[in-house]
Amino acid sequence: MKHEDVVCPFCGCLCDDLEVTVEDGHIVGVKNACGISRSKFMSHGLNRVSAPTVEGKEASLEEAVRESVGILSGARRPLVYGLSSTECGAISKAVELAEATGGVLDNTSSVCHGPTILALQQVGESKATLGEIRNRADLIIFWGSNPTEAHLRHITRYSGTAKGMYVPEGRKGRRIIVVDVRETGTSKMADQFIKVEPNGDFELLEALRATVRGVALRAEAVAGVPMDQVRALAEVMKGARFGVVFFGLGLTQSEGRHMNIDAAVGLVAELNRHTKFLLTPMRGHYNVAGANAVTTWQTGYPYAVDFSRGYPRYNPGEYTSVDMLARGEADAALVLASDPASTFPVDAARGLAKIPVITLEQKITPTSMLSRVVIPVATAGIEAEGTAYRMDGVPIRLRKLVEPTEGVHSDEEVLGMILEGLKGGAEK
Ligand code: SF4
């Protein structure tokens, strides 16, 4: 059976035009997908967690849930982390669970676009949907982002080469500029590559902002970029009909962090005195935007939320997972839809290895390997349905294409079981 308009549960592009063929309950073909997506669909059955485990030994689901309830209810400062690679129903349950345990709730934003959120909370944002950009943008700037390796279909679907209503020529109707610390696949297909010194983005953004404002800077070069080039770029930006800066971890994870985004917002605001200009973060996981959205509408805050006083408090730097684990503050963790043991800095990963960890996972990962409890779950978007939010905040419904292995439940269902156990314990 052929399923059309299937949504890809991998990156923030959340492509919704895939065609997936299922035979005898197995995926046998995927069309329109990029290489990463194809691998996710075709290999979703490989390297799976085959059964719940407690202390590395196979256990029943009931035993694993009971052990999880014991760990969480005995913890003084439990951490619920991950959320970005599952659907919104599960994220909502995770919020409830963090609240029920008086713990801290955090998602992968804290090691990714958290600085973007901090900056936007300070200075606002100028944004649009990817559809708007596809139909109108004639100047595309990728700043510290490399979609040819991280968001493979972004350029063809939404930005560089896509044919839009007011850009019918596609690539020929758009100018593409890459600002980065080194040449990348994206810079090779761009019209212009501007090489900035590592950690020089803030300086370059502020110089551009001043130049757009008409301030004559006396420097010969800024962050390794000759002043002539800075002035020329400012003119190109001002001359665009509809411009957009797509930025990535090159800005959020380099020196300055949220101040880099702050500077980018300032530049874009200045450009909007001359023309239409937008700033769009290249969100990574397919539903990290959903993790922020659900956490915000339930608690008022997008990530790093502490429930220890019975009401939500927000303070990235204090309640972010990396900080809590590196300081040895968290004494238990429930990890969902992410692999922090692979992605966290070493101090935080060590912190995680020292405490009892409950992991809800499909695959065997470094995090599942150090966990006291591992519970296999269905893959959202393949074995379970739900809603996800694209990088521009557009919600799209994920489909269920095949049944999960018997006895394997969705993230939302397993979290619901743990929550029930916690509430039952509280009532006794
Ligand atoms: S670009 Fe991203 S969302 Fe689109 S098919 Fe590839 S991995 Fe999936």
Side-chain angles (χ1 to χ4, degrees), residues 2-22 27-46 83-88 91 108-109 112-113 129-131 133-134 137 140 142 145-164 170-171 176 178 184-186 188-190 244 246-249 280-293 337-339 342-343 362-363 379-402:
K2 270 200 178 78
H3 297 268
E4 291 182 343
D5 301 328
V6 171
V7 179
C8 168
F10 189 80
C11 86
C13 286
L14 211 58
C15 298
D16 55 357
D17 61 343
L18 272 51
E19 193 180 295
V20 178
T21 307
V22 175
I27 294 175
V28 294
V30 187
K31 276 194 189 157
N32 299 337
C34 69
I36 303 173
S37 169
R38 178 179 307 282
S39 165
K40 173 145 188 181
F41 278 98
M42 299 302 290
S43 311
H44 81 99
L46 301 181
L83 316 181
S84 304
S85 291
T86 188
E87 48 79 38
C88 291
I91 296 166
T108 60
S109 300
C112 193
H113 273 283
T129 62
L130 292 174
I133 291 165
R134 175 194 167 105
I140 312 256
F142 293 109
S145 64
N146 182 15
T148 56
E149 282 170 39
H151 298 83
L152 272 58
R153 297 181 72 217
H154 190 281
I155 290 171
T156 50
R157 259 174 81 79
Y158 307 115
S159 53
T161 60
K163 290 187 174 154
R171 175 69 180 91
I176 302 178
V178 169
T184 61
T186 309
K188 288 192 184 118
M189 58 83 63
V244 57
F246 286 109
F247 67 98
L249 301 192
T280 300
M282 298 286 262
R283 304 304 304 269
H285 297 291
Y286 74 89
N287 199 25
V288 63
N292 296 138
S338 80
D339 182 14
S342 299
T343 53
Q362 297 116 41
K363 305 270 188 178
T379 311
I382 296 179
E383 299 163 336
E385 63 170 1
T387 299
Y389 279 64
R390 204 168 63 186
M391 64 165 76
D392 55 350
V394 170
I396 304 180
R397 192 78 186 160
L398 304 172
R399 307 253 293 274
K400 177 176 176 174
L401 305 169
V402 296

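Along the sequence shown, residues carry numbers from 1. As the structure lists them, so they are numbered: ligands from 1, and atoms in each ligand from 1. Because the structure is predicted, anything quoted here is derived from the model rather than measured.
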Q | Qualifying side-chain hydrogen bond (donor to acceptor under 3.5 Å, both in side chains) pairs with a residue from residues 28-42, counting only residues at least two apart or across chains | A | none
Q. Do N146 and T186 have side-chain N/O donor and acceptor atoms under 3.5 Å apart?
A. yes
Q | N-O pairing of D17 and R157 below 4.0 Å | A |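 The answer is yes: the pair qualifies as a salt bridge.
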Q.
Strictly under 4.0 angstrom, heavy-atom based: which residues surround ligand 1?
A.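 For ligand 1, the residues that come within the 4.0 Å heavy-atom cutoff are C8, F10, C11, C13, L14, C15, C34, S37, L152, R153.
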Q | Heavy-atom pair with the smallest gap, counting every atom of M282 and P147 | A | CE-CB, 3.8 Å
(Q) The criterion is ring-ring contact (aromatic ring centres under 6.0 Å, His included); which residues satisfy it with Y158, sequence neighbours excluded? (A)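 Y158: ring-ring contact (aromatic ring centres under 6.0 Å, His included) contacts with H154.
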(Q) Considering only residues two or more places apart or on different chains, which pairs with a residue in residues 3-14 satisfy salt bridge (charged side-chain N to carboxylate O under 4.0 Å, His left out)? (A) none
